[in-house]
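First comes the structure, then the notes that go with it.
Just so we're on the same page: letters track the sequence lines, and every chain starts at 1.
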Amino acid sequence: MSSPETELRRLARSLLEKKAVDLVIGYEKSEAGVRPCFISEPNEAERLVWNPDCRLSLVRYLRGFKEKRVGIIVKGCDGRAIVELIKENQLDRRSTFIIAVECNGVYKPVKYGSSKLGRQIAEYCEKCEVRISPIRDHLIKSDVKALERPSPKNDGEPLDWLSLFRKCLRCMACVRSCPFCYCTECSIEGFKPALVHKLVDPVELFTFHLTRALHMAGRCVECGACESSCPVEIPLTRLYHELNEWFREKYGYVPGVNLEQAPPPLVFKEGEKP
Amino acid sequence: MKMFSIREENLKVFLRELSLKHVLIAPFKRDGYFEFDVLRNPDDFNVNYTNTRLSPKRFFMPQRQLVFKHYPRKGFTEELKENSSVVLFGIRPCDASALSVLDNVLLNPPHKDALYENRRKNAIVVSLSCTKPMTECFCNVFETGPIRGTGEDLTFTHTSKGFVVEARTQKGIAVIGEFGELFREADGEMLNEYNKLIREVLDEMGSRLKVDKTRLIGIEKEAGEEFFQLNAQRCIECSLCSFACPLCYCFETEDYWEKDSYVRFRGWDTCISPLFTKMASGLDPRVTKADRLCHRFCHKLSRIPLTFNAYGCVGCGRCVSLCPAGIDIREVLRKWG
Amino acid sequence: MRLTMPSRNRHKGGVEEMGLNPYIPKPVKIIRVKDETPDTKTITIGPKPFDEFTPGQFAMVTVYGVGEAPFSICSPPSDNNLQFSIRKMGSVTTAIHEASPGDEIGVRGPYGRGWPLGEMRNRDILLVGGGIGFAPLRPLLLHLLENRNKYGRIAVCYGARSPSLLMYRDEFEEWMKQGVDLYLTVDVGEGDWKGNVGVVTTILDKPSLNKAETIVCTCGPPVMIKFVLKKLVELEYSKENIYASLESKMRCGVGKCGHCHFGSKHVCIDGPVFKYDEMATLPKGMSPF
Amino acid sequence: MVVWKPKIIAFTCWCSSSGVDQAGFEGFKYPANVLTVRVPCSAIVNPSLVVKALQEGADAVLLTACKPVELRKIAPSRITEARVSLLRRLLNTVGVEEDRVRILWISSNEGGIFASEVSRIVEEVEKLGPLNLRGKMIEQP
């Protein structure tokens, strides 16, 4: 059995050679680690890599290639995001070739100036139960044994969210990296008068994060794109997880697991008990 | 300039004395990474840090800053405050050099940026040399480190026998004079170690990336579009690179009515944003993401040098490490440097 | 974090008085508002917040609480008041359009490099304008007419999309009386328009000037400037004598904010008037070529 | 000494706002620190606006809506109820007391109920104390 990486390259090459897709979105090696790459030539398929550093969800790039047939490499959470996007009519299933790779968790990024304490599995991966994309055209099994997951941490210890929000720069990396933030104009900026000012007033960070959380509720697939791109390491996934829990308790809805199950806010029926 | 030395155990004493006379700002660890803040207890200071996650630019150009207030029928008030003297201790040479570049840009006559100058003139910048540069760093390219930068008043370098202190400006000499009993003239042995250290660290960094910075000028002509288009596909258009950069100085202004007066604020802006050059008429000289990315790199490496006679990058490596999409300015350097 | 002790300096504003903060505008009153075209108004403000300026320079106009934007000064330096022709476009211009005489606005300036008056001595001068782009040319034209004997022949080629969008229509006769060769054109004729129909490049060959020695000043939408420059070179005007006024988003006007930094040039310091060869060095998008 | 009084914003839908008016006509006494904002329907209130109200200095936000059973279509009130429930969960998570956002079922003739409920809520919010988000979000020296 070949390694997932070779299988991935072979698959991407054959897809491109057969012209089944115009483009494969995957990960390539970069100096600082791993970064997204866009492969349109069969020869370039050798650049593709697969390792636990492939953390940024590639799904957000799909909206840039709406007219093209795209092959995309997805982890379990990314696949859930695709499911959810299809439900929201943001994605054409037929023009997307989903290469699902079994994911055993990704590493937390080692960012500038952090003390290097060895690689740690990301917090959101500890809780993850969907390791293979629920929607796929091809499955690549992983031979790597699952990354060591410390026993899922007790969520009981509450975070001081207000002081975490205070660190925020509102650089919008969380918004821009999110698979679900596909609005051409973010509602944070789009209101007239705007919900928050153009320049960052610290007190408005509360509104910003709460509004974003409300927009993510019941949609967030906890892929951790926001959290891993955040320069000040706000554990946003934990916040959105809390709201997803609400949806699960009230409606039994888990985003991105079942293509048939419509999101509860879209099918709110008369007389239904909230 | 003159070389002094201070014993390791005296550093804490020095910091304590400094914090009595000035507002002392130094990096210390919070939530897993280092950040500059007011150091109340000098014991919190630890020499063993690489660099702060975010740049110290915010002490001179805050993310949001009041430009003026205008009271109807009364006129303007402006909050040009009499700043108390601030000491920025433990800033890395690259970030200190960034301040000297900001000086070049913002204090360029005839119109000096008073808001910046007001904060800058009351600040004493004390840098601490990098003896173990990070893998992302490339300050050797722009000669802004790792041991000596260009914008600091005092340079501290950690050697085995204490700190070698170089006074770089009159301000720095004044500080040494103020705490004269703590400092001695550096002896020959120490200076030897210091010089050796400079060579070693530079060699190590040079082995990673060696670029002739003068060749970067005018890169936009040869750079072509392919490279930037490739990276533009990747770019997610957040403003992280500009916000984290120690010398991205572009600012945006915003006017509104607040309580009893019209106010104007100014704050960080980013050239990656599609709105950066878009005019009200809808005309935009930089329409595509590739254009904007090209501008970001060319502005730093070629356009600022041509206009202000200093490079717009100091090689701190923040944008390299923090970019979620892995866009790397070092590629530009390798390719055309 | 509070590092500072507030001490308020109250002052009337304006760069000279303040001597410090270049971002504080000087309050002035709107004296007159005149409808120029359906979407353009010319506001007259006074007293003049600064004494001297070169035609072609711009000033930053603040509407309190709304914002600030750069506008070309369109009255001659000899005038005691200051005029701006402003087209309704964004929030600031809309607020100015809604203003009425007596309202207070803020002005700071003059900024930038104006038209090269020194070069123009005793030479023929051709002004090429398009639509609202005639605003920076008007102070030049009026200045030239005031000092008529110092300059050679003056020709003006002015085009707009339709006759109603031609600005300063009531002044045309006065200009012609003072010896300006005025050529007008519109893209689409309407009403009783009897003049030329076509883009401005179609009338560029009409003025009879000493082409090698003529200074050409042009301003208009970027695409117009592009074709005008092309045509001028075709008509054998000397490249060295061609100038154009460009526009850009600006926040400070003094070369700090970075919004108008194109190539190695700041539009606010090195422009808005650029020479032909300087424009060639500007990056794609900003350069009219 | 300045006595702190809670500031409460009430978004009242058209039906319940006539209930609020009725409380005024009929002389029911209720605390004056409730500012009402009349909206066409409670379901039109974007939860972001509730958050924004808290950010701008409100100590509590009240939504008054028609009783679901009294409506010809009951969905709108249910939607509001669901939203408020979600928002309360969110506030609870980030460490703001969830009781600062409430929903009240007020019909157009229930001025008395409105007055008594509001008095009760004001008392409860007084017990919670000021929210002071600005103070919490801006770093203390």
Could you check whether atom [atom1] of [X] has more than 12 heavy atoms from other residues, nucleotides or ligands sitting under 6.0 Å from it?
X: Arg93(A); atom1: CZ; value: yes
X: Lys7(D); atom1: NZ; value: no
X: Glu123(D); atom1: CD; value: no
X: Trp14(D); atom1: CH2; value: no

| task | Please name the pair of heavy atoms, one in Ser48(D) and one in Thr207(A), separated by the smallest distance, quoted to 0.1 Å. | result |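 Here Ser48(D) and Thr207(A) meet closest at O-CG2, 4.4 Å.
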| message | Ignoring hydrogens, what is the shortest heavy-atom contact between Met137(D) and Phe165(A)? Give both atom names and the distance. | response |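 Of all heavy-atom pairs spanning Met137(D) and Phe165(A), the closest is CE-CB, 3.7 Å.
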Beyond-backbone contact of [X] with [Y], side-chain heavy atoms, under 4.5 angstrom:
X: Arg89(D); Y: Glu249(A); result: yes
X: Leu210(A); Y: Leu54(D); result: no
X: Leu90(D); Y: Glu242(A); result: no

Nearest-0.5 Å distance, [atom1] of residue [X] to [atom2] of residue [Y]:
X: Thr211(A); Y: Gln55(D); atom1: OG1; atom2: CD; answer: 9.0 Å
X: Leu133(D); Y: Leu205(A); atom1: CG; atom2: CG; answer: 11.0 Å
X: Leu91(D); Y: Trp161(A); atom1: CG; atom2: CH2; answer: 13.5 Å

| field | Qualifying residue, where the test is side-chain contact (heavy atoms from CB on, under 4.5 Å) with Lys136(D) and the options are Asp160(A), Leu162(A), Val203(A) | value |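 For Lys136(D), the side-chain contact (heavy atoms from CB on, under 4.5 Å) check succeeds only for Leu162(A).
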| request: Using a cut-off of under 4.5 Å on heavy-atom pairs, state which of Leu86(D), Thr93(D), Asn92(D) scores highest against chain A. | output: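 Going by pairs under 4.5 Å, I would pick Leu86(D).
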